[in-house]
Every structure is written in C-alpha cells, then in structure tokens.
Number of protein chains: 2
Amino acid sequence: MEVFPGKILIVDDEPDIVEFISYNLKSKGYLIAAAKDGVEAIRKAKDFRPDLILLDIMMPNKDGIETIRELRAMPEFDDTAIIFLTALNDEKYEIEGLKIGADDFISKPIKPELLATRIGSALRRFRKDEEQEQKQTFGDLEINKTKFTVSYKGVDILLAKKEFELLCLLASKPGRVFLRNEILQRVWGTDVIVGDRTIDVHIRKIRQKVGIDLITTVKGVGYKFEMS
Amino acid sequence: MEVFPGKILIVDDEPDIVEFISYNLKSKGYLIAAAKDGVEAIRKAKDFRPDLILLDIMMPNKDGIETIRELRAMPEFDDTAIIFLTALNDEKYEIEGLKIGADDFISKPIKPELLATRIGSALRRFRKDEEQEQKQTFGDLEINKTKFTVSYKGVDILLAKKEFELLCLLASKPGRVFLRNEILQRVWGTDVIVGDRTIDVHIRKIRQKVGIDLITTVKGVGYKFEMS
DNA sequence: ACGCCAGATTACGGAATTGTTAAGAAGCAA
DNA sequence: TTGCTTCTTAACAATTCCGTAATCTGGCGT
C-alpha cells in the first residue's frame, strides 16, 4: 500500500502562503514543490512534473494568466491540473482563467478543508489516465511517456530527451502540421532561443534512429507526424 | 503462553485512561506503549512500531485528526491499525476520522470487553496482509520487503537501508521512470536536502552489489528499474 | 542552366549530466 | 570509547547531449 496522493507545485510570491499550503498538503502525504513566480514555476514544473499546480494570479515577473498560457501550450502539461489562487473579488480573472485552461480556482484567504477537497476532486478528474501508463501506439510504433521509451516492432529505440519530447509533440496530433515556431515554443519554451537549424538536426536524429519515415517535412511550413 | 497478540500504542492525555486501558490490555498479553499527545505519539510510533494505535481525538499539542493524517502519510504505518477514542456524541469526528484512515472507533467511557473485541478484530483484519511476506520477484531477482532482503539466483545480497529503499521505490513500478526529484522526496523525505550526487552514489552501490543491470539511467530525467 | 531557398546532413566543441572514487561525517553496537 | 557500517559530500573523469556552423541536396522560378 504505497499509494501516494500526488505531486503538487505551489506558485505564489508570498512565502507565508506557500509555507501554509505546503504544510497542510505535506501532512496529507502530497509531495510538494514551490515557486515564487511564473518563470520559476515553469522551470520547476518541467523538472518536478507535478500532477497539479496551485497558481497565484498576481505575481511579479510573470503573472498567473501568462504562466498558465505557456504551460498549456506545452504538451507535457496536458494532463496536469491547474488551480488558480485568487484574492477575493477577482472574478474577472476567474472567468479568463477558466477560459484558458484552469480547472478550478480558490479564493484567498484559503481554508485548509476547502483546499484539500478541491485538490482531491481536481486530481480525481485527471487521475484516471494517469494511473495507467501513458502510451500511444501507431501501427508498429509505440510511444510510452511513463517509461520514456519508443519502440518499433517491439524493439526499443533509445531517444535523447529533446528528441523524445519533439516526437511526443508531433505524435500528439498525427497528421497535423506543426509550425517551426510552434515547435520551438512548445519543446524549448518561450525564453530559450535557439537557431533554426536546431530543429532539423533533432528531426534528423529521430528519423535516423527510428529508421522509418514517420515525420514528413512540409516545406516552408513545418513538420508533421504521419505513419506511411 | 501462546504467541503474543501484538503491540499497542495508547495515545491519550489523561493518565487515568491510559492506565486503565494499559492494565486491561497487558493482562491479555499485549505489549503496551503510551503517549500523551500527538507529537509524542508520532515519535513513539516510529520507535515502537505498534501493530495498533489507540488514538484519542481531543488532545493538546496535536489533535487526533491531525495525528492520524501524519501517520497515514508515512508509508511505514500503512499496515498499522488505528482506532479512535471519542467522547460520546462526537459523531462528526467519527466520520472524518474514518475518511482519513481510522479503522474503527470506540466511544468513552470504555468498556473492557468491547475494547478487547474491537482490538482483536482490527488486528485480525490487518494481520493477514502482514502474515504473508511482501515480496516481489523479477526473473532471478527477489525483493522481500518484510525481511529487508534482496537475493539474486537464491544468493542473498546485503543492501544498506537507503539502498534498499531506493531499490524498492524503483521496483514498485518496473519500467516507469522516476524523476530524480521524486526519488529524493520519496526516499529521503520532503525536508531533507541532500546533494545531487547522493542518488548516483547509491544507485552505483546497488548496481555494484547486485551485479546485473537492473537500473537504467534516463539522462536528464531520472532512473528506472528494468530487467534486461 | 543558373541562382536561390528551405531543408538535410555532417562534424565538432561546449555544456550539462552522470559515473566513480575516496575521504570524512554521522550513526550504531559492543 | 572503539571499531564498525552507512551516508553524504566533493572532486574529478567519463559520457552524452545539444546547438551551431559549414557544407550539401533537390526543387523551383527565371
């Protein structure tokens, strides 16, 4: 019986609030990480891979709305629940927040029981996919996000992290063309700036390692994943 | 004398009650420890490793609800039965108590026979899981969580505690990648901060002692358990 | 045919990450 | 205390990964 309830990332610029929430959730067995602003939040989220993010709206450096936009743009956070923390009377944000991908919001001041309940139900909504392995299959190709592996006809193919992430992105919408720009933002993030050829090189490595032609080039536009 | 029935930790701030229960249970062969509040309870529980905890709800320093939460958050108490002691008319607590992991509750004033019966059945419910050894086998490798041993092809391998815990965690979900972060939190705990190389060193020792390649490194991500 | 352009390919160096080792600190038992 | 094991750290080695630049290829319009 080693089920642990989940990993939660708390994002707030007020240390007291972080401390308070952190204490409450730790006592319920959650694993906790914290960030003090949007920039840090995205960095830590990549690293920590939380099941749920508690996101304050008002923050320096990068506010909650902007942060959630970027998170939602990255495929790796597709199944991460996000709950907004708002000051009372901030209804205008709440609506906007829900529109762009928040799953719930909680008004400050925070009541522990309410927090626990909301977190529990948000996690439950997302959990069902998460319990079992997250994998996709396309014919003979299998991409397993839980195991970080790709296999073709049962044979494992060893991809590096960036290669794997890139393939995951393309495979998330088979047939759809991803613009180079979009790929950059979603795999590398908004802050990171890399040259244009970088994508090509990674695409090439994937093609080379996998052996078959899964990625089609759409000249002047981008790339798409497609089993021939 | 038959086999000893079990170890029980009594947690109550009123010495009379502790004394009364203690006397009753000792006469039935149980080993008894006592604590006067939640803080002491957790400390003694770690030390004494009771099979069952009798926990008063109303206590100074840290109440029963909070205490049980913390206990249930620790994996080492997964198979410890917990029975609440409540004053009459405290039904609201009873429901909450059961929700967060109590196995039964007994209303004060306490009747000795009732106490013995309830304890007996609570222990019996937990005992059967405990009786059989919790072990996993992967090919020639066997991990025995009750005996704290690992063996390969029948030969015992002596792992240190941290090494064993680390291996257990990885082996709990074969194939799944555990992020370094997650490993740190789940093996070392949330508060403890250790350097990054610490994990590697332990991984190395496991690999060295076991001899075969069970643990695969996923660069930039973490480690996973995998029989080749 | 020529030049142009977007992408393909290749190789290389720096950066980031992990492996390895040894030594000291901390813990524990006798 | 002493002697032992375990844990952690720090330093260095080894490895892998990533981004870039330089060069190549093939399609397209002129």
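Convention: sequence-line order gives letters A, B, ...; per-chain numbering from 1. Quick caveat, the model's predicted, so the values are computed rather than measured.
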Could you give the CG-to-C1' distance, from A:Leu179 to C:dG7, as a whole number of Å? 16 Å
Could you state the NZ-P distance from A:Lys161 to D:dG19, rounded to the nearest angstrom? 11 Å
Of the candidate nucleotides C:dG19, C:dT10, C:dA8, which contains the atom at the shortest distance from the side chain of B:Asp200? C:dG19
Please determine whether a side-chain nitrogen or oxygen atom of B:Thr198 lies at a distance below 4.0 Å from atom OP1 or OP2 of D:dT9. yes
Quick one: does B:Lys219 reach the base of D:dT15 with a side-chain donor-acceptor pair under 3.5 Å? yes
Heavy atoms under 4.0 Å, any strand shown: does A:Tyr223 hit a base, just sugar-phosphate, or nothing? sugar-phosphate
So, are A:Lys44 and A:Asp47 salt-bridged, with charged N and O less than 4.0 Å apart? no
Taking 4.0 Å as the cut-off, does a side-chain nitrogen or oxygen of A:Arg197 come that near to OP1 or OP2 on D:dG19? no
Which atoms form the tightest heavy-atom contact between A:Phe164 and A:Asn144, and what is the distance? CZ-O, 3.7 Å
Distance test, side-chain N/O of B:Trp188 to OP1/OP2 of D:dC7, below 4.0 Å: no
Is there a side-chain contact between A:Thr217 and the phosphate of C:dA6, meaning an N or O under 4.0 Å from OP1 or OP2? no
Among A:Thr216, A:Val177, A:Leu214, A:Ile203, which residue meets the side chain to side chain contact (heavy atoms under 4.5 Å, CB included) test with A:Leu170? A:Ile203
Under 3.5 Å, is there a donor on one side chain and an acceptor on the other for A:Asn24 and A:Tyr30? no
The side chain of B:Arg180 lies closest to which of these nucleotides: C:dT18, D:dC7, D:dT9? C:dT18
At 4.0 Å (heavy atoms only), tell me whether B:His202 reaches a base, stays on the sugar-phosphate, or touches nothing. base
Just checking, is any N or O donor in the side chain of A:Glu142 or A:Ser151 under 3.5 Å from an acceptor N or O on the other one? no
Whole angstroms only, please: what is the CG-C1' distance between A:Asp196 and C:dA6? 10 Å
Can you measure B:Leu184 atom CG to C:dT18 atom P for me and round it to whole angstrom units? 12 Å
Taking atom types as modelled, find out whether A:Arg72 and A:Thr80 have a side-chain donor-acceptor pair closer than 3.5 angstrom. no
Check the distance between C:dA8's P and A:Ile206's CD1 and give it to me in whole angstrom. 12 Å
Please find the pair of heavy atoms, one from A:Leu169 and one from A:Ile183, that lie closest to each other, and give the distance. CD2-CA, 4.0 Å
Does B:Lys162 make a side-chain donor-acceptor contact with the base of D:dT6, cut-off 3.5 Å? no
Candidates A:His202, A:Arg197, A:Arg204 - the one meeting side-chain hydrogen bond (donor to acceptor under 3.5 Å, both in side chains) with A:Asp200: A:Arg197
Please state how far atom CD in B:Gln208 lies from atom P in C:dT18, giving the value in whole angstrom units. 20 Å
Taking only N/O atoms, report every protein-nucleotides 24-30 of chain C pair under 3.5 Å with atom names and distance.
none

Rounded to whole angstroms, how far apart are CZ on A:Arg204 and C1' on C:dT10? 7 Å
Taken to the nearest whole Å, NZ/A:Lys205 to C1'/C:dT10 is 11 Å
